[in-house]
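Here the structure comes first, spelled out in structure tokens, and everything after it is commentary.
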Amino acid sequence: MDFRLTGDQRALRAGMRGLLAARHPHERLRALADSPSPDGPRAPDPALWRALGEAGFFSLRLAEKDGGVGLGMPEAVLLFEEAGRALLPGPLVATYLAAGLVPGAAEGGCVVTALDGPGAAEHLASADAVLLLDGPAARLLRTGAGGAPRALRARPVRCVDPTTPLHLVRQLPRMPDGSDAALPIDAARMRLEAALLTAAQQLGSAFRTVELAVSHARRRSQFGRPVGSFQAVQHLCAEMLVRAELARAAVYAASLSMEPDEPAEIAAAKLLADSAAVRNARDCLQVHGGLGFTWESDVHLHLKRAWLRLRQWQSSIDSEELLANTLLCEASHIPERLPANDATDVLDAENVTA
């Protein structure tokens with residue numbers, strides 16, 4: 001399978017990286033992390049949200065006749081990878097899923113968050129609407145800005161990521177109450193898309209921590225030599241790159257085969273991307289040494305955001321269970337004895353490798 005990007009895809013990725021560098025610079029990220037509020041920022045930056053809408057971030061896969069860009073999931077993965085690289089905060093996945101369903105979502109004029117069951121919801125207080133994906137069909141809870149916590153009887157909780165406020169929702173509404181409307185959308189499909197796009201964000205973070213580790217290893221000197229000249233540091237950086245590249249292959253492959261009845265590829269992509277994001281951030285801390293554990297370093301922000309995404313949409317445990325069940329089901333269809341010609345091929349292969 002050829003994962004080389006086309007010229008248009010490279011231009012799309014470069015354009016998004018440039019937009020985020022201008023609209024969400026490092027100083028903005030640090031300001032959010034250093035916010036004196038214990039619950040983090042109150043809402044995503046409205047100007048940035050509108051800029052994303054104008055650039056087609058949320059409407060990327062809507063048909064052109066509906067005001068969208070008309071591209072596919074591979075291009076969406078590239079944009080979300082850039083968002084993860086920049087640690088862009090906000091319910092990006094939910095607002096993207098809501099484009100075309102919630103007025104203003106595609107244009108960045110409103111903020112939409114989502115829940116696939118009881119648990120933690122990000123940016124709930126600033127959401128204009130909430131997607132409920134806990135059943136076979138998606139539902140929409142229209143609350144208006146600031147109304148979602150009361151509508152869902154949610155309470156704020158502290159989050160490990162200082163740039164992402166969370167609310168704990170113990171129970172989702174079961175019956176329509178006038179503001180709760182059913183949508184003609186398959187919730188299972190949306191959950192798969194959400195898991196893949198979250199994996200893309202993890203992938204972007206994993207590659208960014210590789211860049212941070214290599215850059216520090218080149219600049220920092222110990223015993224009169226750059227720390228990158230030491231074999232132990234080189235091995236850490238090489239392992240980080242291998243993890244990220246494996247995750248990239250899995251995420252890109254899953255974006256090309258978005259089949260609702262074959263969720264194993266997305267589960268594998270999410271599992272590998274989660275592992276790459278968390279383990280790369282930890283190894284990046286190791287490369288930075290004592291400096292990496294300080295608040296001034298950005299490495300801990302990548303680790304904390306990776307921990308948060310680890311449990312979003314499809315946790316590592318859920319992915320492992322799904323993959324294990326898939327393998328068991330496939331194994332149950334393997335014949336107990338190979339045909340004679342297949343057995344001969346196996347013996348020949350063993351002789352060749354011996």
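FYI, side chains are in, hydrogens and waters are out, and symmetry mates aren't considered; it's all heavy atoms of this structure.
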Report summary line: CG (Leu5) and CG (Leu78) are apart, to the nearest 0.5 Å, by 5.5 Å

**Report entry** Any donor-acceptor pair under 3.5 Å from Ser126 side chain to His123 backbone
**Finding:** yes

Query raised in the report: How would you list, by chain and number, every residue that makes a ring pair (Phe, Tyr, Trp, His ring centres under 6.0 Å) with Trp49, sequence neighbours excluded?
Result: Phe58

Query raised in the report: Do you know which of Leu183, Leu101, Leu132, Val130 makes side chain to side chain contact (heavy atoms under 4.5 Å, CB included) with Leu140?
Result: Leu183

Query raised in the report: Hey, does the side chain of Arg153 reach the backbone of Val169 with a donor-acceptor pair shorter than 3.5 angstrom?
Result: no

Report task. Would you mind checking if Asp161 and Arg305 are paired as a salt bridge, meaning a charged N to carboxylate O distance below 4.0 Å? Result -> yes

Query raised in the report: Looking at Leu52, Asp45, Leu32, which one forms a side chain to side chain contact (heavy atoms under 4.5 Å, CB included) with His24?
Result: Leu32

Report task. State, yes or no, whether a side-chain contact exists between Phe207 and Leu241 at a heavy-atom distance under 4.5 Å. Result -> yes

Requested in this report: I would like to know whether Leu303 and Val160 meet side chain to side chain contact (heavy atoms under 4.5 Å, CB included); could you show each step before the answer?
Outcome: CA-CA 10 Å; Leu303 180 58; Val160 65; over 6 Å; no

Report task. Find out whether Thr209 and Leu285 are in side-chain contact, i.e. whether some heavy atom of one side chain is under 4.5 Å from a heavy atom of the other. Result -> no

Query - Taking every non-hydrogen atom, the tightest pair across Arg23 and Ala47 - result: NH1-O, 4.3 Å

Query raised in the report: Any link between Leu92 and Leu301 through a network of hydrophobic side chains (Ile, Leu, Val, Met, Phe, Trp, Tyr) touching at under 4.5 Å?
Result: no

Requested in this report: Can you see which heavy atom on Val251 is nearest to which on Ala199, and at what distance?
Outcome: CG2-CB, 4.1 Å

Report summary line: Smallest heavy-atom separation, Val112 atom then Ala94 atom, equals O-CB, 3.2 Å

Query raised in the report: Thr6 and Arg10: side chain to side chain donor-acceptor pair (under 3.5 Å), yes or no, with the steps?
Result: CA-CA 6 Å; Thr6 66; Arg10 288 194 296 270; over 6 Å; no

Query - Check: Thr198 side chain, Ala194 main-chain N or O, donor-acceptor pair, under 3.5 Å - result: yes

**Report entry** Presence of salt bridge, Arg30 and Asp298, under 4.0 angstrom
**Finding:** yes

Report summary line: Ala254 and Ala269 have their tightest heavy-atom pair at CB-CB, 4.1 Å

Query raised in the report: Among the clusters formed by ILVMFWY side chains lying less than 4.5 Å apart, do Leu133 and Ile266 turn up in the same one?
Result: yes

**Report entry** Closest approach of Ala154 to His167 (non-hydrogen atoms, all atoms of both residues)
**Finding:** CB-CB, 3.9 Å

Query - Test item: Arg208 and Leu212 side chains (from C-beta on) under 4.5 Å apart, heavy atoms - result: yes

Query raised in the report: Under 3.5 Å, is there a donor-acceptor pair linking the side chains of Trp313 and Asp318?
Result: no

Requested in this report: Using atom types as modelled and distance alone, determine if a side-chain donor or acceptor of Glu75 lies under 3.5 Å from a backbone N or O of Gly72.
Outcome: yes

Query raised in the report: Mind checking what makes side-chain contact (heavy atoms from CB on, under 4.5 Å) contact with Ala55, not counting sequence neighbours?
Result: Leu19

Query raised in the report: If you measure only the distance, is there a donor-acceptor pair under 3.5 Å linking the side chains of His302 and Ser205?
Result: yes

Requested in this report: Please answer whether the main-chain N or O of Cys284 pairs with a side-chain N or O of His288 as donor and acceptor at a distance below 3.5 Å.
Outcome: yes

Requested in this report: Indicate yes or no: does Asp283 engage Arg279 in a salt bridge with an N to O separation below 4.0 Å.
Outcome: no

Requested in this report: Could you please spell out the steps behind the side chain to side chain contact (heavy atoms under 4.5 Å, CB included) verdict for Leu308 and Leu166?
Outcome: CA-CA 10 Å; Leu308 177 65; Leu166 293 180; 4.0 Å; yes

Report task. Please tell me if the side chains of Pro44 and Pro91 come closer than 4.5 Å, counting only heavy atoms from C-beta onward. Result -> yes

Query - Derivation and outcome, side chain to side chain contact (heavy atoms under 4.5 Å, CB included), residues Gln314 and Leu196 - result: CA-CA 9 Å; Gln314 190 161 280; Leu196 180 57; over 6 Å; no

Query - Student check: side-chain heavy atoms of Arg61 and Met73 closer than 4.5 Å - result: yes

Query raised in the report: Does the side chain of Ser215 reach to within under 4.5 Å of the side chain of Arg218, using non-hydrogen atoms?
Result: no

**Report entry** Between CD on residue Glu211 and CG on residue Asn280, distance to nearest 0.5 Å
**Finding:** 11.5 Å

Report task. Check whether any side-chain heavy atom of Asp134 sits under 4.5 Å from a side-chain heavy atom of Asp116, and report yes or no. Result -> no

Query raised in the report: Charged N to carboxylate O below 4.0 Å: is that the case for Arg189 and Glu193?
Result: yes

Report summary line: Closest non-hydrogen atoms of Val287 and Ala217, given as atom of the first, atom of the second and distance, are CG1-CB, 4.3 Å

Report summary line: Separation between CG (Leu97) and CG (Leu197), nearest 0.5 Å, reads 6.5 Å

Report task. Assess whether side chain to side chain donor-acceptor pair (under 3.5 Å) is satisfied between Glu122 and Thr164, documenting all intermediate values. Result -> CA-CA 6 Å; Glu122 61 175 341; Thr164 305; 4.9 Å; no

**Report entry** Donor-acceptor under 3.5 Å (Arg282 side chain, Ala277 main chain)
**Finding:** no

Query raised in the report: At what distance, to the nearest 0.5 angstrom, does CZ of Arg13 lie from CZ of Arg85?
Result: 9.5 Å

Requested in this report: Without swapping roles, check the side chain of Glu54 against the backbone of Glu107 for a donor-acceptor pair under 3.5 Å.
Outcome: no

Requested in this report: Please confirm whether the backbone N or O of Trp295 pairs with a side-chain atom of His300, one donor and one acceptor, at under 3.5 Å?
Outcome: yes

Query raised in the report: Under 4.5 Å between any side-chain heavy atoms of Ser315 and Leu310, yes or no?
Result: no

Query - Cluster check Leu29, Trp307: I/L/V/M/F/W/Y, side chain < 4.5 angstrom - result: no

Query raised in the report: Judged by atom type as modelled, is there a donor-acceptor pair below 3.5 Å linking the side chain of Asp128 to the main-chain atoms of Val111?
Result: yes

Query raised in the report: For Gln286, does the CD atom sit with more than 12 other heavy atoms under 6.0 Å from it, leaving out its own atoms?
Result: no

Requested in this report: State plainly whether one hydrophobic cluster holds both Leu256 and Leu272, where clusters connect Ile, Leu, Val, Met, Phe, Trp and Tyr through side-chain heavy atoms under 4.5 angstrom apart.
Outcome: no

Query raised in the report: Out of curiosity, does Leu60 fall in the hydrophobic cluster containing Leu88 (side-chain heavy atoms, cut-off under 4.5 Å, transitive links)?
Result: yes

Query raised in the report: Given Met190 and Leu131, is the side chain to side chain contact (heavy atoms under 4.5 Å, CB included) satisfied, shown in steps?
Result: CA-CA 10 Å; Met190 297 184 81; Leu131 280 176; 3.9 Å; yes

Query raised in the report: At what distance, to the nearest 0.5 angstrom, does CE of Met16 lie from CZ of Phe80?
Result: 9.5 Å

Report summary line: Value for CG (Leu322) from CD1 (Ile317), rounded to nearest 0.5 Å, stands at 13.5 Å

